[in-house]
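We name chains A, B, ... by the order of the sequence lines, and we start the count at 1 in each one. For clarity, every value in this text was computed on a predicted model and none was experimentally measured. Keep in mind that the numbers below use all heavy atoms, side chains included, and drop hydrogens, waters and symmetry copies.
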Amino acid sequence: MSGRVLVGVKRVIDYAVKIRVKPDNSGVVTDGVKHSMNPFCEIAVEEAVKLKEKKLIKEVVAVSCGPQQAQETIRTALAMGADRGIHVEVSGKDYDALGPLQVSKILAALAKKEEAQLIILGKQAIDDDCNQTGQMTAALLDWPQGTFASEVSLEGDKVKVLREIDGGLETIKINTPAVVTADLRLNTPRYATLPNIMKAKKKKIVNVKPADLGVDVTSRLEILRVDDPPQRQAGVKVETVEDLVGKLKEAGRI
Amino acid sequence: MCRTARFTVHCSQRKDKLERRRFCVTARVNLHIIITGVHEVQKAHFVPAMANPLKSEVIRLYKNLLYLGRDYPQGSAYFRERLKSAFMKNRDVTDPEKIKKLVARGDFVIKELEALYFLRKYRAMKKRYYDPDK
């Protein structure tokens with residue numbers, strides 16, 4: 001038991017920002033837009049830090065894949081209480097094509113290298129909404145997985161995970177090492193305050209390249225088009241009850 | 001010799017600054033007399049800034065709030081304006097007990113803001129990803 005937990009954090013466009021699609025439909029506008037840590041990743045970090053505070057694990061390592069700015073996201077994780085960071089530098093074209101499969105390959109390689117006991121990830125990112133990284137990582141490592149966790153407890157060398165499933169909750173017990181993905185109700189993440197951000201600057205962030213880990217990040221997927229969601233249709237005002245009934249009949253509602 | 005010369009220059013600059021400051025204070029006193037007709041000035045203007053041991057506490061609070069303001073829903077400019085006016089409103093407070101109380105209130109506001117941001121984010125996520133009926 002190494003007592004080490006790997007937490008994946010992703011830098012995404014801030015949840016409060018209005019997303020704009022590029023005029024050529026090749027993607028969304030990211031230049032000069034506020035970015036922050038994916039909310040589900042915050043929950044994952046919080047859970048790892050809580051486990052550490054309960055002294056159930058020894059070290060929390062935050063990992064992020066992306067360009068130079070991804071370090072800010074790692075810094076936020078460090079301010080929340082992670083011990084050290086690993087920045088897997090992927091930039092330019094590779095970053096544009098970086099998908100769940102590539103990230104999970106990187107995470108799997110890192111988990112082996114760091115001898116992690118547990119990997120905690122957010123269930124999905126709010127930019128691509130893939131919800132695949134955790135599952136793929138577990139598959140690549142051939143580790144058990146507890147996805148959509150709303151409660152996690154370590155019991156010896158097993159993890160008890162309460163999962164949110166359609167129409168209820170499911171409790172599973174899995175062996176470690178394992179992959180856990182955090183759902184919204186797992187915990188309430190703490191805020192990375194200014195003093196903690198300052199303190200986090202003293203913590204170490206190691207820079208690695210995917211090639212150092214022996215991972216090929218070429219993607220086989222091609223994005224054809226990105227479109228805005230359909231606009232909501234305007235409503236109609238009716239003068240009288242008869243009009244209303246008439247319109248409803250017309251629409252086939254009654 | 002060179003050092004002495006520089007020192008003198010420095011001193012004279014300081015003196016100049018001091019004189020200007022004194023002028024400012026006098027002007028304010030005069031204004032005060034004109035307005036109220038009473039020759040009395042609030043102490044705060046005369047207390048040297050460094051003398052207050054709570055100064056660093058207040059600055060820390062201001063910095064932390066300013067940092068939190070970057071995520072404020074109505075924008076950081078809106079928040080900064082209000083933050084500044086809230087601090088300026090209490091600029092003349094000299095009683096250490098009162099300052100301590102105000103700093104405690106500021107820390108409470110920090111807690112409130114953190115809760116606000118968390119709730120706002122949580123609600124946005126819930127609205128986007130979860131069935132509203134449940």
(message) For the interface with chain B, which of Thr193(A), Asp14(A), Asp183(A) has the highest count of heavy-atom pairs at distances below 4.5 Å?
(response) Asp183(A)
(request) Applying salt bridge (Lys or Arg N to Asp or Glu O under 4.0 Å) between Arg190(A) and each of Glu42(A), Glu47(A), Glu53(A), report the one that passes. (result) Glu53(A)
(message) Within this structure, what is the NZ-CG distance for the pair Lys121(B) and Leu184(A), rounded to the nearest 0.5 Å?
(response) 11.0 Å
(message) Closer than 4.0 angstrom, basic N to acidic O: yes or no for Asp71(B) and Arg120(B)?
(response) no
(message) Please find the pair of heavy atoms, one from Ile205(A) and one from His87(A), that lie closest to each other, and give the distance.
(response) CG2-CB, 3.9 Å
(request) Not counting sequence neighbours, which residues clear ring-ring contact (aromatic ring centres under 6.0 Å, His included) with Tyr62(B)? List them please. (result) Phe87(B)
(request) Can you see which heavy atom on Ile126(A) is nearest to which on Ile13(A), and at what distance? (result) CD1-O, 3.9 Å
(message) Using side chain to side chain contact (heavy atoms under 4.5 Å, CB included), reason through Phe148(A) and Glu170(A) one step at a time and then give a plain yes or no.
(response) CA-CA 10 Å; Phe148(A) 313 111; Glu170(A) 180 188 50; over 6 Å; no
(message) With a 6.0 Å cut-off (strictly less than), is the heavy-atom count around CD of Glu151(A), excluding the residue itself, greater than 12?
(response) no
(request) Cation-pi check, Arg185(A) to Tyr130(B): give yes when NZ or CZ is under 6.0 Å from the six-membered ring centre and within 45° of the ring axis, no otherwise. (result) yes
(message) Does any backbone or side-chain atom of Tyr129(B) lie under 4.5 Å from a heavy atom of chain A? Answer side chain, backbone, both or neither.
(response) side chain
(request) Starting from the C-alpha separation in whole Å, work towards a yes-or-no answer on side chain to side chain contact (heavy atoms under 4.5 Å, CB included) for Ile120(A) and Val152(A). (result) CA-CA 10 Å; Ile120(A) 306 182; Val152(A) 174; 5.9 Å; no
(message) Could you check whether atom NZ of Lys160(A) has more than 12 heavy atoms from other residues, nucleotides or ligands sitting under 6.0 Å from it?
(response) no
(message) Just checking Ile223(A): does its CD1 atom have more than 12 heavy atoms from other residues, nucleotides or ligands closer to it than 6.0 angstrom?
(response) no
(message) Looking at every non-hydrogen atom in both residues, tell me the closest pair between Val7(A) and Ala48(A) and how far apart they are.
(response) CG2-CB, 3.5 Å
(message) Quick check: under 4.5 Å, non-hydrogen atoms only, which of residues 62-76 of chain A neighbour chain B?
(response) none
(message) So for Ile197(A), is it side chain, backbone, both, or neither that comes closer than 4.5 Å to the heavy atoms of chain B?
(response) side chain
(request) Find out whether Tyr191(A) and Leu68(B) are in side-chain contact, i.e. whether some heavy atom of one side chain is under 4.5 Å from a heavy atom of the other. (result) yes
(request) Return yes when atom CZ of Arg20(A) has more than 12 non-hydrogen atoms of other residues, nucleotides or ligands closer than 6.0 Å, and no otherwise. (result) no
(message) Less than 4.5 Å to any heavy atom of chain A: does that hold for the side chain of Arg60(B), its backbone, both, or neither?
(response) neither
(message) Just to be sure I understand the criterion: a residue of residues 72-79 of chain B counts if one of its heavy atoms is under 4.5 Å from a heavy atom of chain A. Which ones qualify?
(response) none
(request) For chain A, find its close neighbours in residues 99-111 of chain B: heavy-atom separation under 4.5 Å, sorted by number, or none. (result) none
